[in-house]
Chemist: 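Have a look at the structure that comes next, please.
Here is how names work: the chains are called A, B, and so on, in the same order as the sequence lines, proteins then strands, and each is numbered from 1.
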2 protein chains.
Amino acid sequence: MKNSALSVTASRKRILDIFLAADNALAHQDIETKCADQYDRVTIYRTLQTFLERGIIHNIPSTDNMVRYALCNEACITTGHHHDNHVHFRCDQCGKTVCLDDVNIPAVNLPKGYTMKEINMVVNGICKSCK
Amino acid sequence: MKNSALSVTASRKRILDIFLAADNALAHQDIETKCADQYDRVTIYRTLQTFLERGIIHNIPSTDNMVRYALCNEACITTGHHHDNHVHFRCDQCGKTVCLDDVNIPAVNLPKGYTMKEINMVVNGICKSCK
DNA sequence: ATTAAAAATGCAACTTTGTTGCAAAAGTAT
DNA sequence: ATACTTTTGCAACAAAGTTGCATTTTTAAT
């Protein structure tokens, strides 16, 4: 898994495990509460940053100043850049944010002069577990 | 303008003016640098919160922990809830975030069991002023 | 216009979040 | 096993956001 040319360390393994075990996207804080006793806060910040850069995780925008992170699919890791074309869903009830891997972001036509590089779509509502 | 059943105060007028004068979405910090000498930081926080609740402004999600705010159109204010169906664009060059009022967010089909309440689309790239 | 009630503001103190430099420790490759 | 590189933890900060309360400003009613 960690043949992305970076050292295999205990903290990285642990954080990766946390992501693998999670069924939803995680904020820095979520990870901190799970392992702040074992690893330093700073290490978590740096690890998330590193994972992002290597395309191991991607981040999900939010309006609550809690950027969340989720594992990327294989394509991101092997090609080195993101293929994040899926919609994210945030449940107003349980608060969980998930990747809807099967829902592609539809195309949009930008006005003349605008060039698109990335696109992000986040839907709020009630998830299937909550109703 | 401020017939949304809230007191007309100097700070609110000032902050509203800042939005009216801006050609892009503003983060808390942007507003603070423009008027921190006149009004307290806390007041700015509370004013943005109030404006949000009254539908005077809407917020734009981000991955950089800098939620930005922009004025709503009339419909939001008169009906009391958001009609924010437009795409937001963030320029990687100049860093400005703008509302593309003419670009509607296309429909998406969510998986069974999911109910949509709000939808948000943010596109990154190069804006027309930068190229 | 005055005044009483309600709402908003400023201040202080505090909590949380995020950053940086550097020495120690752990990982990698020979 | 050793030398080199990378990562980690610590400490010290800086920045961002929150809360309670006394004071001031708005509002609405007389």
Chemist: Rounding to a whole Å, what distance do you find between R41(B):CZ and dA8(C):C1'?
Modeler: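 So the CZ-C1' distance, R41(B) to dA8(C), works out to 18 Å.
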Chemist: Reading DNA chain C from 5' onward, which residue's closest nucleotide shows up sooner: R46(B) or N65(A)?
Modeler: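 Looking at the nearest nucleotide for each, R46(B) comes out on the 5' side.
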Chemist: Between T9(A) and dG27(C), is there a side-chain N or O to OP1/OP2 distance below 4.0 Å?
Modeler: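 For dG27(C), OP1/OP2 do not have a side-chain N/O of T9(A) under 4.0 Å.
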Chemist: Using atom CG of D40(B) as one end and atom P of dA7(C) as the other, report the distance to the nearest whole Å.
Modeler: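 Between P of dA7(C) and CG of D40(B): 21 Å.
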Chemist: Please report the distance, rounded to the nearest Å, between CD1 in I44(B) and P in dA15(D).
Modeler: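 Distance check: I44(B) CD1 to dA15(D) P gives 16 Å.
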Chemist: With a sphere of 6.0 Å drawn around CG of D102(B), does it hold more than 12 non-hydrogen atoms of other residues, nucleotides or ligands?
Modeler: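 Atom CG in D102(B) is not packed in, count stays at 12 or less.
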Chemist: Rounding to a whole Å, what distance do you find between Q29(A):CD and dG18(C):P?
Modeler: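 Going from Q29(A) (CD) to dG18(C) (P), I get 9 Å.
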Chemist: Which nucleotide, dG10(C), dT28(C), dA11(D), lies nearest any side-chain atom of Y39(B)?
Modeler: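 Shortest atom-to-atom distance from the side chain points to dG10(C).
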Chemist: Report the C-alpha separation of K131(A) and T115(B) in whole Å, then their side-chain angles, then the decisive distance to 0.1 Å, and conclude whether the side-chain contact (heavy atoms from CB on, under 4.5 Å) test is met.
Modeler: CA-CA 9 Å; K131(A) 218 223 156 173; T115(B) 312; 5.8 Å; no
Chemist: Can you pull the ring pair (Phe, Tyr, Trp, His ring centres under 6.0 Å) pairs that have at least one residue in residues 88-111 of chain B, sequence neighbours excluded?
Modeler: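 Pairs touching residues 88-111 of chain B that pass the test: Y114(A)-F89(B), H58(B)-H88(B), H86(B)-H88(B).
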Chemist: Among dT19(D), dT27(D), dA8(C), find the nucleotide with the atom closest to the side chain of V8(B).
Modeler: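 Closest nucleotide to the V8(B) side chain: dT27(D).
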Chemist: Round to a whole Å and report the spacing from OH of Y45(A) to P of dG9(D).
Modeler: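 Roughly 15 Å, once rounded to whole Å.
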Chemist: Under 4.0 Å, heavy atoms only, any strand: does Q38(B) hit a base, just the sugar-phosphate, or nothing?
Modeler: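 If one applies the 4.0 Å heavy-atom cut-off, Q38(B) turns out to touch the sugar-phosphate alone, with no base involved.
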Chemist: Examine F19(B) and Y39(B) and state if one hydrophobic cluster contains both, with Ile, Leu, Val, Met, Phe, Trp and Tyr joined whenever side-chain heavy atoms are less than 4.5 Å apart.
Modeler: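 No, no single cluster joins them.
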Chemist: In whole angstrom, what separates Q49(A)'s CD from dT7(D)'s C1'?
Modeler: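 My rounded result for the distance is 15 Å.
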Chemist: Do side-chain atoms of R41(A) reach the backbone of E32(A) as a donor and acceptor pair under 3.5 angstrom?
Modeler: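 No; zero donor-acceptor contacts below 3.5 Å.
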Chemist: I31(B) has an atom CD1; how far is it from atom P of dG17(D), in whole Å?
Modeler: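 My rounded result for the distance is 12 Å.
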Chemist: Closest approach to the side chain of S7(A), judged atom by atom: which nucleotide of dG27(C), dT26(D), dG9(D) is it?
Modeler: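 Nucleotide nearest to S7(A)'s side chain: dG27(C).
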Chemist: Please give, in whole Å, the distance from dT17(C) P to H28(B) NE2?
Modeler: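 From H28(B) NE2 to dT17(C) P: 17 Å.
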